[in-house]
Amino acid sequence: MKKVLIKNAKIVNEGKITDGDVFVEDGIIVEIAESISAKSPDVNIFDAEGTYLLPGLIDDQVHFREPGLTHKESIETGSRAAVAGGITSFIEMPNTLPQTTTVEELEKKFEIASETSYANYSFMFGGTNDNLSEIEKIDPKNVAALKLFLGSSTGNMLVDDEKVLEQIFKKSPVLIAAHCEDEATIKKNLEECIERYGDDIPIELHPKIRSAEACYKSSSKAVALAKKTGARLHVFHVSTAKELSLFSNKKALKDKKITAEVCIHHLWFNDSDYAKKGTMIKWNPAVKTKKDQEALLEALNDNRLDVLATDHAPHTKEEKKNVYTKAPSGGPLVQHALPALLQMHHQGKITLEKIVEKACHNPAILFQVEKRGFIREGYKADLVLVDLNSPWAVQPDNIYSKCQWSPFEGTTFKSRITHTFVNGRLVYKNFKHTPFTQNAERLSFDR
C-alpha cells in the first residue's frame with residue numbers, strides 16, 4: 001500500500017479540527033489539503049465520510065511482558081491490541097525476565113519487536129542499584145528513556161540506595177521516567193493490614209496501603225532531586241490530587257525540565273469501583289478517590305499534567321483472582337484507552353483537540369520522537385480514523401490482549417476506531433487486522 005488517499009476527514013491536529021484530505025506515499029504524509037484528487041490508478045482511496053482523523057497515539061508506558069512472561073502478553077499480542085486501540089507507537093518497560101538493565105538485553109528486545117510488532121516501538125532501559133556503568137552507555141538517539149522504580153512493583157527493580165539514586169540523576173544521558181511510591185510507607189501500611197486480615201485484605205484498602213502519602217512522599221523527593229541535579233524527570237502515572245502541586249503549567253512542554261503523566265484508569269475509575277471490579281482494578285499506584293480523579297482531569301486540561309498513557313500491564317485472570325496479597329497489580333488497557341477517552345469527550349470532560357495533544361503530540365515532544373505524533377507533511381503516516389457515533393460493547397470475543405479480559409468488559413463505548421495506519425499501511429479495520437507484515441519501525445529520537 002504505497003499510495004493512500006484519505007478523503008473527507010475531519011482532521012484533529014494541533015488544536016484545530018479542519019475538513020480535508022491527506023495523501024500518503026511510501027509511508028510519508030506528502031500532502032494535506034481541502035481536496036486532493038488521485039493522480040494515478042494505484043492510489044488506495046479511503047473515504048472517511050466525515051469521521052475524525054487523528055495522529056496515531058504514542059503510548060509512553062506499556063508492559064508487553066516479553067521476554068520471560070509471555071503467558072500474560074507478548075510484543076506481538078500487545079502491539080496487535082494497541083493498533084486496534086489507535087496506538088501506533090509504544091515505549092515498553094524494562095521489568096521483564098531477564099530485566100532490561102544491560103545494553104545486550106535491550107538489543108534483544110529490539111530484535112524481537114523488529115520481527116513481530118504491529119506498532120512502532122522503543123524500549124526504556126532499566127535502572128538498578130548496581131548498573132550505573134550500563135546506564136552511561138545509553139545512546140540518546142536510540143533509547144527512549146531510563147525507567148526507575150522508586151517503589152516496588154511487578155518484577156521488583158526497586159532503586160533504594162540514596163547515593164546511587166543521586167548519581168543516576170546526575171549522570172543519566174536520557175530523560176528519567178520514574179514510578180514514585182514510597183516503599184517504607186507502603187510496607188508499614190501492608191504489615192498493619194496483614195496483621196488484621198491475613199492475606200485476604202479487602203481490596204478497598206488498596207488505596208490506603210499504597211496511599212496518597214506514599215505517592216507524594218516519593219514524587220516530591222524525585223522532583224527535589226531533579227531540581228538539585230538538573231536531571232530531566234518525567235513522573236509516571238500520577239494518581240493523587242496532592243501530587244499536582246509538584247507540577248506547573250507556566251512553561252511550554254518543550255521547555256519543562258519536570259513533567260508528569262496520567263493514565264486512563266486513574267481518570268476512569270475511582271475507589272467506589274472496587275466493590276464491583278475487585279482485584280481486576282488493582283493497579284500500582286492505586287485508583288484513589290473521586291476527588292483525586294476529578295483533580296487529575298482538571299490538571300490534564302490545564303496542562304499541569306502533560307501526557308496521557310495506559311500503563312498497559314496484563315496478567316492472567318487466574319492470577320488477578322487471587323487473594324489481595326497474591327493478586328498482581330496491573331491490567332490490559334491499550335485497546336480501550338482511546339475509546340474511553342472518546343467516551344469522556346462525549347461526557348463533556350475533555351475535547352478531541354486535548355486528547356490529541358496529550359496522547360499524540362506531547363509524547364512526541366517530550367521524548368523528542370522524530371517525525372511522529374502530528375499530521376504534518378513530511379511526517380510518518382501513523383493515522384487513526386474514529387467514528388464518534390458507532391456504539392459497541394467490550395466482550396471477551398473482541399479483546400485482543402493475550403490475557404483475554406479487560407477492566408472495561410461489559411462497557412458500551414459510543415465511539416469506535418475504524419482504521420489504523422502504521423507508516424502508511426492499513427493494519428486494522430473494524431475489528432479485523434490485516435495480514436501481518438514487518439512494517440513497524442524502531443522509533444528514533446531527535447537528540
Side-chain angles (χ1 to χ4, degrees), residues 9-18 51-61 82 85-88 235-241 243-244 247-249 252-253 259-270 272-273 281 283 287-312 333-366 373-375 383-392 394 407-408 411-418:
K10 293 185 178 297
I11 302 168
V12 188
N13 189 55
E14 302 190 65
K16 296 182 292 186
I17 300 175
T18 55
T51 58
Y52 290 78
L53 184 68
L54 281 55
L57 277 65
I58 301 173
D59 192 345
D60 80 349
Q61 190 186 181
I87 293 166
T88 57
V235 179
F236 271 158
H237 42 47
V238 174
S239 63
T240 73
E243 289 170 282
L244 297 173
F247 309 108
S248 171
N249 55 9
L253 175 58
T259 53
E261 164 203 288
V262 65
C263 290
I264 309 306
H265 46 288
H266 292 122
L267 296 173
W268 185 273
F269 298 102
N270 62 52
S272 69
D273 295 302
I281 61 165
W283 280 284
V287 167
K288 296 186 175 69
T289 67
K290 191 168 193 289
K291 179 185 172 188
D292 290 308
Q293 180 187 28
E294 291 170 347
L296 292 170
L297 181 63
E298 181 183 339
L300 182 72
N301 278 314
D302 73 16
N303 299 330
R304 282 172 289 161
L305 293 174
D306 304 287
V307 169
L308 275 162
T310 67
D311 194 15
H312 174 92
L333 286 159
V334 287
Q335 186 180 347
H336 304 116
L338 179 54
L341 288 167
L342 295 172
Q343 196 76 6
M344 291 169 65
H345 164 68
H346 286 296
Q347 295 163 354
K349 294 177 178 177
I350 190 168
T351 66
L352 292 177
E353 297 94 322
K354 187 63 74 171
I355 292 170
V356 167
E357 177 192 339
K358 301 295 184 176
C360 310
H361 301 338
N362 282 6
I365 294 167
L366 194 153
F374 295 83
I375 301 177
L383 301 165
V384 180
L385 279 168
V386 298
D387 187 337
L388 289 187
N389 294 291
S390 185
W392 63 288
V394 179
F408 291 105
T411 302
T412 296
F413 288 122
K414 190 173 181 180
S415 305
R416 80 168 68 191
I417 290 123
T418 62

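Since the structure is predicted, the reported quantities are computational estimates derived from the model, not experimental observations.
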Legend entry - Minimum heavy-atom distance between G373 and A364, given as atom pair plus value: CA-CB, 4.1 Å

Inset, instruction - Please check if the side chain of D292 supplies one atom and the backbone of T289 the other of a donor-acceptor pair under 3.5 Å. - result: yes

Inset, instruction - Taking the side chain as every heavy atom from C-beta outward, state whether L253 and H361 have any atom pair closer than 4.5 Å. - result: no

Inset, instruction - Drop me the distance from L341's CG to K354's NZ, to the nearest 0.5 angstrom. - result: 13.0 Å

Inset, instruction - Please report the shortest heavy-atom distance between C263 and D311, naming the atom on each side. - result: SG-CB, 3.8 Å

Legend entry - Any donor-acceptor N/O pair, T418 side chain to D387 backbone, under 3.5 Å: no

Inset, instruction - Please identify each residue that fulfils side-chain contact (heavy atoms from CB on, under 4.5 Å) with K414, with sequence neighbours left out. - result: Q343, H346, N389

Inset, instruction - Working to the nearest 0.5 Å, report the span between CG of L57 and CG of L338. - result: 5.5 Å

Legend entry - For the student: nearest non-hydrogen atoms of S415 and P339, plus distance: O-CB, 4.2 Å

Inset, instruction - Quickly, which of D306, L308, V307 forms a side-chain contact (heavy atoms from CB on, under 4.5 Å) with L300? Name it, please. - result: L308

Legend entry - Non-hydrogen atoms of P391 and T412 that approach each other most closely: CB-CG2, 4.3 Å

Inset, instruction - Examine distances only and state if a side-chain atom of N249 and a backbone atom of D302 form a donor-acceptor pair shorter than 3.5 Å. - result: yes

Legend entry - Atom pair CG (N270) and CD (E294), whose distance is rounded to the nearest 0.5 Å: 8.5 Å

Inset, instruction - Go through H266 and V287 one step at a time and tell me if the side chain to side chain contact (heavy atoms under 4.5 Å, CB included) criterion holds. - result: CA-CA 6 Å; H266 292 122; V287 167; 4.1 Å; yes

Legend entry - side chain to side chain contact (heavy atoms under 4.5 Å, CB included) between L352 and L388, worked out: CA-CA 10 Å; L352 292 177; L388 289 187; 3.9 Å; yes

Inset, instruction - Look at the aromatic rings of H336 and F413 and report parallel, tilted or perpendicular, splitting at 30° and 60°. - result: parallel

Legend entry - Derivation of the side chain to side chain donor-acceptor pair (under 3.5 Å) call for K288 and T240: CA-CA 7 Å; K288 296 186 175 69; T240 73; over 6 Å; no

Legend entry - Polar side-chain atom of Q293 near backbone of L267 as donor-acceptor pair, under 3.5 Å: yes

Inset, instruction - Return the minimal non-hydrogen interatomic distance between F269 and D273, and the atom names on each side. - result: CA-OD2, 3.3 Å

Inset, instruction - Check side-chain contact (heavy atoms from CB on, under 4.5 Å) between A295 and all other residues, then give those that pass, not counting sequence neighbours. - result: A241, L244

Legend entry - Distance (rounded to the nearest 0.5 Å) between N13 CG and L53 CG: 8.5 Å

Inset, instruction - To the nearest 0.5 angstrom, please state how far the CG atom of L342 sits from the CD1 atom of I350. - result: 10.0 Å

Legend entry - Under 3.5 Å donor-acceptor, K358 side chain and L305 backbone: yes

Legend entry - Reported NE2-to-OH distance for the pair H345 and Y52, which is rounded to 0.5 angstrom: 6.5 Å

Legend entry - H312 (side chain) donor-acceptor with V334 (main chain) under 3.5 angstrom: yes

Inset, instruction - Could you tell me whether a side-chain N or O of E353 sits under 3.5 Å from a main-chain N or O of V12, the two making a donor and an acceptor? - result: no

Inset, instruction - Return the minimal non-hydrogen interatomic distance between L333 and F408, and the atom names on each side. - result: CD2-CE1, 3.6 Å

Legend entry - Donor-acceptor under 3.5 Å (D60 side chain, P363 main chain): no

